[in-house]
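Remarks on the structure that follows.
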Amino acid sequence: QVQLVESGGGLVQAGDSLRLSCVGSGFTFSTYAMGWFRQVLGKEREFVAGIAWTDNNTYYLDSMKGRVTISRDNAKNMVYLQMSSLKPEDTAVYYCAARRSNVVPFYTQAWAYWGQGTQVTVSS
């Protein structure tokens, strides 16, 4: 079955950088769009970044443009989220998601598969 496993979260200070990783299994990774979302307790899960599979086009949440970079390594079934200049408001659980399409929608309902999430906490 499809599995997505995130790693790389942790406690960092404001201004620090962090790279999240997600490994996929049970599906043909190279034919899936991949995305990163985040969720704060009590709030809706929101799109952070996404990457298509045919052209590697990338998409970002406006408030994080310039501070995050999504990339993928199809040979390793990995997708990464490099985050820099982290702020306390970036504190959230970050989720990896996959969908069998080249389209990268921003709404959660369009994504079929999810990881268990990794906590990122940014202290001020």
Worksheet item: Which disulfide bond (SG atoms under 2.5 Å apart) pairs, counting each pair once, include a residue from residues 41-74, with sequence neighbours left out?
Response: none

Practice prompt. If a pair satisfies disulfide bond (SG atoms under 2.5 Å apart) and one of its residues is in residues 16-124, list it, with sequence neighbours excluded.
Written response: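 Those involving residues 16-124 are Cys22-Cys96.
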
Worksheet item: Any side-chain heavy atom of Val122 within less than 4.5 Å of one from Glu89?
Response: no

Worksheet item: Which pairs with one or both residues in residues 2-30 pass side chain to side chain donor-acceptor pair (under 3.5 Å), sequence neighbours excluded?
Response: Glu6-Gln116

Practice prompt. Please answer whether the main-chain N or O of Gly66 pairs with a side-chain N or O of Tyr60 as donor and acceptor at a distance below 3.5 Å.
Written response: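 Side chain of Tyr60 to backbone of Gly66, a donor-acceptor pair under 3.5 Å: no, none is there.
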
Minimum heavy-atom separation for [X] and [Y], please, with both atom names.
{"X": "Ile70", "Y": "Met34", "answer": "CD1-O, 4.0 Å"}
{"X": "Gly117", "Y": "Val93", "answer": "CA-CG1, 3.8 Å"}
{"X": "Arg38", "Y": "Ala92", "answer": "CB-CB, 3.8 Å"}
{"X": "Arg99", "Y": "Val103", "answer": "NH1-O, 2.8 Å"}
{"X": "Ala52", "Y": "Arg72", "answer": "O-NH1, 3.2 Å"}
{"X": "Leu20", "Y": "Gly9", "answer": "CD2-N, 3.6 Å"}

Discussion item. With clusters defined by side-chain heavy atoms of hydrophobic residues (ILVMFWY) lying less than 4.5 Å apart, directly or transitively, does Val120 cluster with Leu4?
Written reply: yes

Worksheet entry | Same apolar cluster: Ile51 and Val104, side chain cutoff 4.5 Å | no

Fill in: Of Leu61, Thr108, Val40, the residue whose pairing with Glu46 passes side chain to side chain contact (heavy atoms under 4.5 Å, CB included)
Leu61

Discussion item. Can you confirm if the NZ or CZ of Arg45 lies within 45° of the ring axis of Tyr95 and under 6.0 Å from the centre of its six-membered ring?
Written reply: yes

Show every donor-acceptor pair shorter than 3.5 Å between a side-chain atom in residues 77-87 and any protein atom, with sequence neighbours excluded, or say none if there are none.
unit_1, atom_1, unit_2, atom_2, d
Asn77, ND2, Gly24, O, 3.3
Ser84, OG, Arg67, O, 3.3

Worksheet item: Hey, what else clusters with Leu41 if you join Ile, Leu, Val, Met, Phe, Trp, Tyr whenever side-chain heavy atoms sit under 4.5 Å?
Response: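 Hydrophobic cluster check, Leu41: no partners found.
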
Worksheet item: Could you give all pairs that pass the ring pair (Phe, Tyr, Trp, His ring centres under 6.0 Å) test and reach residues 104-124, with sequence neighbours left out?
Response: Phe37-Trp111, Phe37-Trp114, Phe47-Phe106

